[in-house]
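Please read all numbers here as calculations on a predicted model, not as lab measurements. Counting convention: from 1, in listed order, for ligands and their atoms alike.
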Amino acid sequence: MKAYLALISAAALALAACSQEQPAAPTAEAPASAASEAAASAAPEAASEAPAASQEEAAAPAADVSCEAVVESDDAMKFNTSEIAVSQSCKEFKITLKHVGSAPVTAMGHNIVVSKAADAQGVIADGMTAGAASNYVKEGDERVLAFTKLIGGGEETSLTLDTSKLAADGAYEFYCTFPGHYGLMKGSLKVGA
Ligand code: CO
């Protein structure tokens, strides 16, 4: 009985060894060939995707460039932004000014004037002399690169800036020339590529 059991267990061991070996061989090969197939098929895909992705990236900045900005102003004498980025890849840059308040133009009028930062004080002083009828901008002021009319609550206006007038390294500002507003209503106009 003991010998019989020993035989059986020996046979079982032999079978076990056999059955372990046989499946082991194909499974060891299968992952290898599957991996090399995957690598072979993945490689051309990766290679063909890479140039497409970089082309998209190169094209993206040009497509993403906005040649306009919207600035909101309110009854609290504020613009909702202190910086406007202008790309010189735009021939013209449009700035829309919205007055989201309700105060009349005579009490809380706003405009947007663009000039070199260094010219702002002079533009504002001469604009005050010119008066409300001139939108607080001196007629023919050559320091002024672009300006909007004066608007009151609920109104909207815009200006178009010729970007060829801007130097890449220039310091420009946009501001409101309504008397007393410059202190709170100004921002920098950044010129970029
Ligand atoms: Co104002």
Side-chain angles (χ1 to χ4, degrees), residues 54-193:
S54 64
Q55 271 174 5
E56 262 175 50
E57 268 173 44
D64 281 357
V65 166
S66 175
C67 295
E68 62 181 310
V70 176
V71 177
E72 289 184 0
S73 58
D74 59 18
D75 288 345
M77 211 192 292
K78 293 243 175 67
F79 286 136
N80 70 340
T81 181
S82 59
E83 187 177 311
I84 298 174
V86 176
S87 168
Q88 284 196 308
S89 69
C90 301
K91 194 163 175 276
E92 292 183 331
F93 191 90
K94 182 183 178 183
I95 301 175
T96 297
L97 172 66
K98 292 181 179 178
H99 193 318
V100 300
S102 56
V105 65
T106 48
M108 188 52 74
H110 301 310
N111 64 2
I112 285 185
V113 175
V114 176
S115 76
K116 283 180 186 167
D119 289 337
Q121 295 294 351
V123 167
I124 290 161
D126 288 347
M128 203 185 303
T129 303
S134 300
N135 300 294
Y136 294 113
V137 176
K138 185 179 86 176
E139 198 181 328
D141 192 332
E142 291 187 354
R143 296 164 299 186
V144 172
L145 301 175
F147 70 99
T148 72
K149 65 175 186 175
L150 210 60
I151 57 170
E155 293 184 300
E156 181 178 321
T157 185
S158 69
L159 62 76
T160 301
L161 186 59
D162 176 358
T163 62
S164 70
K165 291 180 179 175
L166 304 172
D169 58 350
Y172 301 95
E173 272 187 352
F174 67 93
Y175 46 89
C176 176
T177 57
F178 191 99
H181 285 200
Y182 176 74
L184 289 174
M185 302 189 78
K186 66 182 170 196
S188 61
L189 194 128
K190 303 272 187 195
V191 183

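By the 4.0 Å N-to-carboxylate-O rule, Asp126 lies close enough to Arg143 to be salt-bridged with it.
Note on Ser73: not counted as a metal contact of the Co ion (ligand 1), no N/O/S atom lying under 2.8 Å.
The six-membered or imidazole ring of Tyr175 lies away from that of Phe79, with a centre-to-centre distance of 6.0 Å or more.
In this structure, SD of Met185 and SG of Cys176 enclose an angle of 110° at the Co ion (ligand 1), rounded to 10°.
Within His110, the N, O or S atom lying nearest to the Co ion (ligand 1) carries the name ND1. His181 has its closest N, O or S atom to the Co ion (ligand 1) at the position named ND1.
Looking at heavy atoms from C-beta onward, Glu72 lies out of side-chain contact with His99 at the 4.5 angstrom threshold.
There is a side-chain donor-acceptor pair under 3.5 Å between Thr177 and Asn111.
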